[in-house]
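Below is one structure, written out as structure tokens, with a few remarks after it.
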Amino acid sequence: MGIAGTIPPELGNLSFLVWLNVRNNSFHGHLPTELSRLHRLKYINLASNDFEGKFPSWLGCLSALWYINFEYNRFSGSLSGRLSNLTKLEVIGLDGNFFTGSLSEEFRALPKLRVLDIQHNQLVGPLPQALFNLSSLQRIAFTNNSLSGYLPARICDYLPQLQGLYLSLNNIEGEIPSGIGECSRLQVLSLSYNKFGGYIPREIWNLTTLIGLYLGGNDLTGKLPT
């Protein structure tokens with residue numbers, strides 16, 4: 001709609017509000033803390049605006065939230081300790097912001113999480129082990145950050161629903177785990193432009209639902225399995 005300006009604090013008076021979508025406008029500034037009064041809010045979509053500031057700590061007061069989309073704004077700072085109270089979250093979209101710091105193990109508090117998109121930010125450090133224990137996850141996406149560390153050997157033991165793993169353009173090293181072949185529903189495996197070495201595990205060819213495989217820009221060796 002091309003709407004500009006800031007979000008007025010009076011919006012927090014709409015105590016029966018369940019769905020808030022201002023996507024693709026020209027809103028800017030910080031989110032007012034008065035929004036913490038919207039205890040019935042289940043869905044908030046602020047994507048493609050010019051909001052700024054830290055990821056709001058008061059979102060933890062909105063225990064009914066299942067969908068958060070803050071993609072393509074100017075949010076910054078650390079995400080650590082900001083998500084653990086949102087136990088009903090199913091979708092997190094934070095692409096294209098300026099989030100920094102490392103990720104914590106608080107994801108274990110989000111048992112219903114299906115989609116985790118935090119691509120094109122400035123995150124560092126390893127992926128938390130808790131992510132690989134969330135059986136509801138369908139999409140893990142951290143393309144274009146500065147993540148490091150290794151992928152767990154038995155990466156798919158507790159990810160039966162995983163359909164997309166997007167980790168390209170990071171600094172992840174080690175071998176591509178053979179356990180990736182156990183992700184029976186995987187459709188996209190994107191690991192290009194990291195520091196992976198060694199052989200391509202032959203178990204990858206067990207992924208009969210795969211439609212996209214991106215492994216370029218690594219230090220892989222050996223031959224492709226026949």
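Just the heavy atoms: all of them, side chains too, but no hydrogens, waters or symmetry mates, feed the values below.
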For Arg202, salt bridge (Lys or Arg N to Asp or Glu O under 4.0 Å) partners two or more places apart: none

Disulfide (SG to SG under 2.5 Å): pairs with one or both residues in residues 195-226, sequence neighbours excluded: none

Side chain to side chain donor-acceptor pair (under 3.5 Å) involving Glu106 - partner list, sequence neighbours excluded: Ser104

Counterpart residues, ring pair (Phe, Tyr, Trp, His ring centres under 6.0 Å), relative to Phe75 (two or more places apart): Phe70

Set of side chain to side chain donor-acceptor pair (under 3.5 Å) partners for Asn133, sequence neighbours left out: none

Check: His30 and Phe51 side chains under 4.5 Å, non-hydrogen atoms: no

Under the side-chain contact (heavy atoms from CB on, under 4.5 Å) test, residues paired with Gln119 that sit two or more places apart: Asp95, Asp117, Arg139, Ala141, Thr143, Tyr166

Side chain to side chain donor-acceptor pair (under 3.5 Å): pairs with one or both residues in residues 43-54, sequence neighbours excluded: Tyr43-Asn45

Set of side-chain contact (heavy atoms from CB on, under 4.5 Å) partners for Pro32, sequence neighbours left out: Ile7, Pro9, Glu34, Leu35

Pairs flagged by side chain to side chain donor-acceptor pair (under 3.5 Å) wherever residues 71-94 is involved - sequence neighbours left out: Glu90-Arg114

Pairs flagged by disulfide (SG to SG under 2.5 Å) wherever residues 138-211 is involved - sequence neighbours left out: Cys156-Cys183

Under the side chain to side chain donor-acceptor pair (under 3.5 Å) test, residues paired with Gln161 that sit two or more places apart: Arg185

Exercise: identify the closest heavy-atom pair between Ala153 and Pro177: O-CB, 3.5 Å

Side chains of Leu123 and Leu103 in contact at under 4.5 Å (non-hydrogen atoms): yes

Partner set under side chain to side chain donor-acceptor pair (under 3.5 Å) for Asn21, not counting sequence neighbours: none

